[in-house]
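Report on the following structure.
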Amino acid sequence: MTTSVSAPTGIRRSDASLLRPKDLPPGQHFIDGQFRAGESGRFIDVVDPCSEQVIARVPEGSADEVDTAVGAARAAQPAWGALTPKERSGILHQIADRIQANSDLLERLESANTGKPVSVSQDDLASTVDTFRFFAGASRSITSQAAADYMTDHLSVIIREPLGVIGVVTPWNYPLLMAAWKLAPILAAGNTVVLKPSEQTPLTTLKLAELVADLLPAGVLNIITGYGPEVGGRLSSHPDLDMIALTGSVTSGRAVAKAAADSLKRVHLELGGKAPVIIFADADLGAAATALRAGGYWNSGQECGAGCRVLVHASVAEELVDHLVAEVSTLVVGEPGVGDDVEIGPLVSKAHFERVCGYLDRAAAAGIRAAVGGAPLAGPGYFVPPTVLVAVAQDAEVAREEIFGPVVTVETLPDRRRGDPPRQRRAVRAGRVGVHRERPAQSRGAREARLRHRLGQLPPGDRDRGALGRVQRLRLRPGSLAVRHRRLLPHQARDAQPRSVIAPTKPPSTHGQPPPRQHRAETSTPRRVDHVWAQPLNPEVFLGLDSQQ
């Protein structure tokens with residue numbers, strides 16, 4: 001390849017601060033409807049990733065404080081769950097209104113805490129408002145399997161109920177939006193929640209609690225700040241929690257699943273990924289490079305759906321790299337708020353900065369070349385320029401592992417004259433695969449529509465480590481009878497038995513098979529309800545939508 005390494009253009013900086021002191025939320029836990037000081041006396045510094053300066057401090061939570069929050073959530077759940085869908089829907093709409101009215105403040109707070117460009121924070125806020133409005137409506141249109149006659153002279157009915165108290169752990173890359181993706185469905189379903197935000201980016205989550213404290217009954221929403229092993233570990237193992245939901249790394253997901261196993265609580269995990277993009281020789285390479293500019297570098301590449309691994313046909317690899325380098329070189333690196341054209345901010349923390357730089361250093365030592373970028377930028381802050389790594393082998397570390405930064409790798413596909421996109425896609429061991437291929441038989445409009453496909457929109461496949469991929473492909477609702485019968489979700493075993501009103505029975509078949517024989521004498525008594533399937537209104541039904549970004 002003839003493309004030469006491009007020198008980074010530097011960091012655009014600003015002397016003005018995004019925040020005023022009154023913008024910051026209380027540096028305390030939020031328990032039972034009010035902010036409370038931490039009991040340990042220890043604090044966690046919240047650092048601005050642009051300047052490396054401390055902008056706030058939050059308490060380092062303990063297991064005892066988690067217990068207090070869980071107790072408050074447990075006490076509040078019966079009354080909250082007893083509200084009608086209309087009443088809960090109205091409160092969720094009020095929360096959306098409150099967020100929208102304070103969107104400018106939340107955008108600045110999110111950008112100051114994470115370093116992401118204001119344009120990204122604006123997109124996050126719009127999606128956060130939309131999420132609460134969506135679930136405000138969804139809570140009023142929940143459906144279940146219809147009542148039916150599975151046994152002679154008996155009526156079987158399925159009732160959905162709130163699951164109970166849910167523990168939530170949210171990540172640092174989309175603090176407010178991920179909190180909304182968890183909170184909105186959980187609250188809409190009538191559950192209460194104890195949430196642990198990332199210790200690196202807790203500010204917008206705490207601010208949200210401050211803004212909506214008067215809208216939610218005390219105890220419905222609780223927030224404990226702290227580190228994963230202490231706070232997250234206690235949430236995962238807590239016997240009074242009915243479910244734990246985490247968005248985070250694969251390592252964190254394993255730890256949560258192990259800790260939750262003893263109590264058999266339900267587990268929802270949205271974990272990392274390595275999203276490949278396959279580009280064939282007949283693709284529009286310019287359009288593909290434009291799509292990668294957005295799909296690979298949005299939020300500085302700090303998202304699991306980033307199109308960060310490119311597999312391109314060998315005959316057009318050099319041309320594709322030329323297009324990609326030209327696109328990536330136009331990305332502006334800078335602090336949030338210095339201009340609407342800033343698209344790449346710093347990485348979120350020193351630890352993550354060093355992690356990404358470690359991948360780049362090891363790649364260079366292995367002979368992998370950076371066509372653009374490839375080294376951190378000088379000066380304060382955790383800035384890594386947008387990078388394209390070329391001549392990458394399929395077994396290279398940077399091709400196999402999630403870097404989670406503004407780094408896209410380029411590999412070449414074998415020169416097969418009769419390349420079959422479906423077969424090539426299946427040969428890649430990954431969950432999300434975007435394929436760019438132009439079909440001559442298609443109209444120009446159809447081709448352009450395909451080439452404008454937004455990377456990261458494909459549903460996760462069976463190999464996604466973000467759990468439930470197979471369930472989503474089958475379009476089954478987690479928590480449904482069909483899922484339990486097929487044993488696709490072992491953690492769904494809890495509460496799988498019906499609550500008998502008169503006599504216990506076996507569950508009805510879910511695959512068109514005849515119902516089980518009735519092991520008792522037939523009776524001529526009038527029709528009556530023999531049993532009620534008390535199937536909880538599982539937040540997983542909604543949380544399963546997290547991957548449809």
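Worth saying up front: this structure is predicted, and the values here are computed from it rather than measured.
Minimum interatomic distance between Val332 and Asp341 (heavy atoms only, all atoms of both residues): CB-O, 3.5 Å. Considering every non-hydrogen atom in both Ala399 and Ala393, the closest pair reads CB-O, 3.6 Å. Across all non-hydrogen atoms, the minimal contact from Ala136 to Ser139 is O-OG, 2.9 Å. Val267 approaches Ala260 most closely through the heavy-atom pair CG2-CB, 3.7 Å. Between Pro346 and Gly334, the shortest heavy-atom distance links the atoms CD-O, 4.4 Å. Scanning all heavy atoms of the two residues, the minimum distance from Arg400 to Asp395 falls at NE-O, 2.9 Å.
No side-chain donor from either of Ser121 and Glu107 sits under 3.5 Å from a side-chain acceptor of the other. Counting only N and O atoms by type, the side chains of Glu110 and Thr204 include a donor and acceptor under 3.5 Å apart. Looking only at atom types and distance, the side chain of Glu343 has no donor-acceptor partner in the side chain of Tyr297 under 3.5 Å away.
In this structure the side chain of Ser252 never reaches within 4.5 angstrom of the side chain of Val169, judged on heavy atoms. Taking the side chain as every heavy atom from C-beta outward, Cys308 and Thr409 never approach each other to under 4.5 Å. Side-chain contact check for Thr247 versus Lys182: some heavy-atom pair is nearer than 4.5 Å. Contact of the Ile95 side chain with the Leu92 side chain is registered, since non-hydrogen atoms from C-beta on lie closer than 4.5 Å. Counting only heavy atoms from C-beta outward, the side chains of Val407 and Tyr359 never approach each other to under 4.5 Å. Looking at Leu208 and Ile99, their side chains come closer than 4.5 Å, going by heavy atoms from C-beta outward. Side-chain contact between Leu271 and Leu246 is present, with heavy atoms from C-beta onward closer than 4.5 Å. Side chains of Asp124 and Leu176 form no contact here, defined as non-hydrogen atoms less than 4.5 Å apart.
Looking at Thr387, its side chain does come within 3.5 Å of a backbone N or O of Gly374 through a donor-acceptor pair. In terms of modelled atom types and a separation under 3.5 Å, the side chain of Asp242 and the main chain of Val165 share a donor-acceptor contact. A donor-acceptor distance shorter than 3.5 angstrom exists from the side chain of Ser300 to the backbone of Gly345, with no hydrogens or angles considered.
Among residues two or more places apart in sequence or in another chain, the side-chain hydrogen bond (donor to acceptor under 3.5 Å, both in side chains) test is passed with Thr290 by Glu327.
Of the listed residues (Leu324, Val312, Leu285), just one forms a side-chain contact (heavy atoms from CB on, under 4.5 Å) with Glu319, and that residue is Leu285.
His352 and Phe404 have perpendicular rings, their planes meeting at more than 60° on a 0 to 90° scale where under 30° would count as parallel.
In this structure, Asp340 places its CG atom where only 12 or fewer heavy-atom neighbours from other residues, nucleotides or ligands lie under 6.0 Å away.
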